[in-house]
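For reference, the structure discussed in these notes is given below.
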Amino acid sequence: MKKNINKIITFLFLIVMAAAFIGPMLFTALSSFKNNVEIFDSPFGLPAKFLYENYKVAWVEANMGTYFINSIFISVMTIVLLIVTASMVAYVLSRFTFKFNRAISLFFLLGMMIPMHSVLVPVAYIIGMFNLKNNLMALILIYVAFSLPFSIMVLTTFMRGIDASLEEAAIIDGAGYFQIYWRIMLPMSVPAISTISIFNFLGAWNNVLFPLLFINDNKLKPISLGLLNFNGERGSEYGPLMAAIIITVCIPLIIYLLFQEKVEGGLAAGAVKG
Amino acid sequence: MKKIIALLMMLTLIFSMTACGNTNDEGNSTTNSGEETSTGNESTSNNEEKIEIRLLTRMAGTTTQVQIFKDVLKEFEAKHPDVVIVDESQGDESSFNNKLKTDIASGTLPNIFRIQGVANLSDYIENGMIMDMGPVYEANPEWSEGLAKGAMDYYKVPGYEGYYGVPMESGLIGVFYNEKVLNDAGIDKFPETWTELKEAIVTLNEADIVPIALGAKSTYMAGHLHNQIFYKWLGIDAAKALGTREKKWTDPDVVETLAYVKELYDMDAFPEGTAGISDDIAVTQFLKGEAAMIITGPWNIGKFTNPEETEYAEDIHSAKFPYFEEKPEFKDHDMQIISPYMVSGDLEGKEKEYTTELVMMLTSADAAKRYAEEAQFLMPRNDIDIADNTVSDLFKEVAELGGTSEGIAVDVFDFDPVGSMQDRTRNSIVGMFVGNTPEQAAQEIQSEIDNK
């Protein structure tokens, strides 16, 4: 009897949570086939007539063909650079004892405390000074800089938990530091790497602020800026905007589903050993 | 693992060769970056010799008026092949503010931009960031004489000579009402006075109709309501006196204006849960006939006259906000929308020449005619020849009403030199919908000034 009650409570809780998460997605999906009046009149009702052209408008207005490629390029480059730099730093910080180890760790941790908005003006000034506006690599480097502290923290924590006997065996076999990093630490850290990859991919994919400030060339804009095309000063066309959101969400969703297991594993491993 | 890394490297290489190519092929600098203009023109190949004109306005989105704006930009580019236009306009307010603030702070002001307010322009003027349009007006009388004088004068900043903005949008912000809904509820004519308005609210509530559609989550709606009451109770000079500190928000007569807002709220003049409703929902309530009145401006005329958006397209009319019987002298002191284009004060030579020409083109009689006929968007010009059958009756009503204003002002905070007053005043007014008293709201607003 008690077991059954517990089960019912658990299921009720899960149903409420599922509704809380599915609700906004359902609203977005339904709204993508409606006009403004229908959206605000009956947010969760079926449309009287499905406006499939919202998707066509979304594709054209948001210039999605180009913006999609730009967003993928920016996000992929960001995580590649992050994996390379953060894993190297994490390897050194987790495996070597030297005088400034703690100070360097602290230095990277401090980076997490800096709010993005507080450095907008200096970053804008630097971008202007070095003529880096409309330069995707500059944008990618900004993302990498902001994501490094979190990534280093996750990877360092994870690498500290890897059994040292593997490295000792490799040393006996004649492996150097780079070989240990490349053949042992990196493959062993795949769960943590997957975690930082998905977090930072989503971060780069969703970021609006930096491309808004530093990219004004239509050929280089990411998808997040395309969504802004639907916002007017006094009201927006929400139907095409919702259609654009549905299209935009597809890629991160697929990537998340692909990496889901690894991400959860990485998070759990980091949490326990931290 | 090695396979994943190899795959990522390969992807990076492929994308480097494709996406990065855009920048490399066409130059790297800010001004010569090979941009395709945001207006959608063909990409430019010899941008090294081209003059870049950057715009940061609020003309963004998918409306007809934005399309006309983009068309004018394209026409200008076609006329001047040595110019490349970069339109960075943002409809979203926070995106616009972020971009403008960063541009100002990093010294990369756009050629054409917009700042809300008038009295707060003094710092920009002193730093030479906004061009005085006076000499341009004088040198181009065929263009400037067609601009409405009242709207031009709005950008004469107190304490400075000259004109620091070219008006590009105008029109009465008043009450749009659904005549059929009012009649069905037993109200024969639109309430012209405050007493009649309160009577109408009681009648409409009895008929289970929302009297005034107002979504205070979009705080400007509550702000516009207070502006209306303020100008009808104290006149527009009182708003200027607040800006020059001759008056205080805590003065009894100013507190009264806030109390009238609160009185309407307490009478259930607005939809249930108004503090959590956005402007889109309020407009939808009005379009569906669930609300009898809405306080808004000419930018919604297109919606109100579109039979696909509302079955009441023939029943919607406009009127001025009801006046107070004891203050007939302020009956025609009205809130109007006036939005500007401002030109950077840093420009020189050919760039300055082209930028001012573009502003003139964007605010020309031809553009104004297109805006009126195709988008029902009112530009403050008195030399527009609009064909009678090309605009709606509602548009004509609003235009005629706007012409009867004896005192014109936009928002009360426009006259205040403190830049944060837009948010402060609107938030404090909305605060009265969630429990604050008018006195508390007045004190909050005054503190913003006193603490500067």
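Order of the sequence lines sets the chain letters (A, B, ...), proteins ahead of strands, with each chain counted from 1. Predicted, not measured: the structure shown is a model, and the values here were computed from it.
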Q. Checking heavy atoms, do the side chain of A:L209, its backbone, both or neither come under 4.5 Å from chain B?
A. side chain
Q) Side chain, backbone, both or neither: which part of B:D279 has a heavy atom under 4.5 Å from chain A? A) neither
Q) So which of B:E308, B:K288, B:E309, B:E290 has the largest heavy-atom pair count under 4.5 angstrom toward chain A? A) B:K288
Q) Is it true that the NZ or CZ of B:R58 lies under 6.0 Å from the centre of B:F96's six-membered ring and within 45 degrees of the ring axis? A) yes
Q.
Check B:D411 with B:R426, please: is the shortest side-chain N to carboxylate O separation under 4.0 Å?
A. yes
Q | Heavy-atom contact with chain A under 4.5 Å, split by part of B:K99 | A | both
Q. Would you call the rings of A:Y238 and A:F40 parallel, tilted or perpendicular, where under 30° means parallel and over 60° means perpendicular?
A. perpendicular
Q | Distance-only polar pair, side chains of A:Y143 and A:N200, donor-acceptor under 3.5 Å | A | no
Q: Tell me, for B:Q285 versus chain A, whether the close heavy atoms (under 4.5 Å) come from the side chain, the backbone, both or neither.
A: neither
Q. Taking the six-membered ring for Trp, are B:F69 and B:Y341 parallel (under 30°), tilted (30 to 60°) or perpendicular (over 60°)?
A. parallel
**Q.** Most chain A-contacting option - heavy-atom pairs closer than 4.5 Å, from B:R114, B:K101, B:R54
**A.** B:R114
Q.
Does the plane of the ring in A:F146 sit parallel, tilted or perpendicular to the ring in A:F210? Use 30° and 60° as the thresholds.
A. tilted
Q.
Heavy-atom cut-off 4.5 Å, strictly under: side chain, backbone, both or neither for B:E93 against chain A?
A. neither
Q) For chain B, which of A:L228, A:L225, A:L120 has the most heavy-atom pairs under 4.5 Å? A) A:L228
Q) Are there more than 12 heavy atoms of other residues, nucleotides or ligands under 6.0 Å from atom OH of A:Y125? A) no
Q: Select, from B:I281, B:T102, B:D280, B:D92, the one with the greatest count of heavy-atom pairs under 4.5 Å involving chain A.
A: B:D280
Q: Go through the atoms of B:T284 and report whether side chain, backbone, both or neither lie under 4.5 Å from a heavy atom of chain A.
A: side chain
